[in-house]
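Accompanying notes for the structure given below.
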Number of protein chains: 2
Amino acid sequence: MTGNSPDFTVSLRAAGLRPTRQRVALARVLFEGGHRHVTAESLHAEVKATRMPVSLATVYNTLNQFREAGLLREVVVAPGRSYFDTNTGHHHHFFVETDGELHDFPSDEVTIAGLPTPPEGTKLSRVDVIVRVRR
Amino acid sequence: MTGNSPDFTVSLRAAGLRPTRQRVALARVLFEGGHRHVTAESLHAEVKATRMPVSLATVYNTLNQFREAGLLREVVVAPGRSYFDTNTGHHHHFFVETDGELHDFPSDEVTIAGLPTPPEGTKLSRVDVIVRVRR
DNA sequence: CAATAACTTAGAACGGTTCTAAGGTTCTTG
DNA sequence: CAAGAACCTTAGAACCGTTCTAAGTTATTG
Ligand SMILES: [Mn+2]
Ligand SMILES: [Mn+2]
Ligand SMILES: [Zn+2]
Ligand SMILES: [Zn+2]
């Protein structure tokens with residue numbers, strides 16, 4: 001059993017961020033284990049449960065820094081709050097509207113054909129597919 | 001040339017809403033002419049330009065009532081603000097991230113194949129495709 | 001025309017997010 | 001390793017889009 005305790009110090013430094021106690025604690029919650037979809041509030045609650053004191057302001061700062069560094073992507077599916085997604089590869093989402101849950105599905109299962117060409121003078125940035133479902 | 005001045009009084013009453021001065025003014029801005037994508041603020045600015053006094057609270061109330069009546073759909077593409085769409089049929093969106101513009105494209109041009117089945121115990125509500133572009 | 005129900009509104013409140021500014025931590029350099 | 005510099009964290013205020021409250025107004029009904 002090797003390699004089950006990634007060195008977040010390294011990846012933080014690679015992102016140009018000092019590996020502070022708070023950022024390492026947040027990185028652990030976010031990146032050890034499988035892909036996650038968190039809100040600032042939910043991440044704050046989780047990291048506090050590890051008994052590492054982190055303010056909500058730091059959670060927001062860190063989420064934004066991780067996003068800017070390409071470690072996270074932001075997902076906007078409902079008014080009023082953002083989700084942050086540790087899966088930065090190509091994929092799409094189920095959004096369970098009745099309880100606010102987000103689930104991934106791989107983009108290679110789905111085929112999107114016949115997308116019109118972007119408006120004059122614009123270049124494609126990303127295609128998001130959101131499959132909204134209810135319980 | 002007939003029928004170029006729709007009777008919003010009728011459609012408002014059909015939606016269970018009294019055709020007040022404010023709602024008729026808002027309906028005119030929204031529904032005469034082609035499809036629109038507005039924010040509360042942008043609609044408020046437009047309706048005020050017609051010299052009909054309407055408060056921002058009424059704009060919000062009316063947008064929500066029109067949405068509940070099925071006259072509008074809400075589109076969430078960016079954090080912090082909602083768009084309201086007069087096109088309630090099946091279609092998808094270009095979102096020009098650099099300037100906040102939304103444009104429709106028909107959903108029958110695009111083919112989405114191989115969508116995974118929704119999670120256990122959920123039923124499909126809608127599929128949104130957002131093509132994000134930048135200038 | 002009342003009488004009533006529905007509506008509009010200013011301003012307060014709210015909730016998620018960002019900002020400010022002061023103290024603390026991490027890094028660099030010698 | 002000490003000290004300075006750079007960077008980071010934080011409480012609380014501010015911000016901004018949206019909703020709520022409560023008081024006055026308007027539309028509808030008979
Ligand atoms: Mn930011
Ligand atoms: Mn509402
Ligand atoms: Zn995801
Ligand atoms: Zn549209």
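Only a predicted model underlies this, so the values are computations on that prediction, with no experimental measurement involved. Note on naming: letters A, B, ... go to the chains in the order of the sequence lines (proteins, then strands), and numbering restarts at 1 for each one.
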Between [X] and [N], is there a contact of a side-chain N or O with OP1 or OP2 at under 4.0 Å?
X: B:T20; N: C:dA6; value: no
X: B:Y60; N: D:dT19; value: no
X: A:R23; N: D:dT9; value: yes
X: B:R21; N: C:dC7; value: no

_Looking at every non-hydrogen atom in both residues, tell me the closest pair between B:Y83 and B:G100 and how far apart they are._
OH-O, 2.6 Å
Whole angstrom is fine here: how far is it from [atom1] in [X] over to [atom2] in [N]?
X: A:L17; N: C:dT25; atom1: CG; atom2: P; result: 19 Å
X: B:E41; N: D:dC15; atom1: CD; atom2: C1'; result: 13 Å
X: A:Q65; N: C:dT17; atom1: CD; atom2: C1'; result: 14 Å
X: A:L63; N: C:dG16; atom1: CG; atom2: P; result: 14 Å
X: B:M52; N: C:dC7; atom1: CE; atom2: C1'; result: 12 Å
X: B:L56; N: D:dT18; atom1: CG; atom2: C1'; result: 8 Å
X: A:R13; N: D:dC7; atom1: CZ; atom2: P; result: 14 Å
X: B:E68; N: C:dA6; atom1: CD; atom2: P; result: 15 Å

Selection from [options] that lies nearest to any side-chain heavy atom of [X]:
X: A:N61; options: D:dT10, D:dT18, C:dT9; value: D:dT10
X: B:A57; options: C:dC7, D:dC20, C:dG16; value: D:dC20
X: A:S55; options: D:dT10, C:dA5, C:dT17; value: D:dT10
X: B:R18; options: D:dT19, D:dT9, C:dA6; value: C:dA6

*asked:* Hydrogens and angles aside, do A:S82 and A:E74 bring a side-chain donor and acceptor to less than 3.5 Å of each other?
replied: yes
*A:H44 versus A:E46, side-chain donor and acceptor atoms under 3.5 Å*: no
*Starting at the 5' end of DNA chain D and moving along, which residue's nearest nucleotide shows up first, B:G80 or A:T62?*
A:T62
*Taking for each residue the nucleotide of DNA chain D bearing the nearest heavy atom, is the 5' side occupied by B:A40 or by A:Q22?*
A:Q22
*Taking the six-membered ring for Trp, are A:H37 and A:H93 parallel (under 30°), tilted (30 to 60°) or perpendicular (over 60°)?*
perpendicular
Heavy atoms under 4.0 Å, any strand shown: does [X] hit a base, just sugar-phosphate, or nothing?
X: A:R81; answer: sugar-phosphate
X: A:S82; answer: sugar-phosphate
X: B:T58; answer: base
X: B:P19; answer: sugar-phosphate

*How many angstroms lie between OG1 in B:T62 and CZ in B:R67, if you round to the nearest 0.5 Å?*
12.0 Å
_Do the side chains of B:R36 and B:D85 get close enough for a salt bridge, i.e. N-O under 4.0 angstrom?_
no
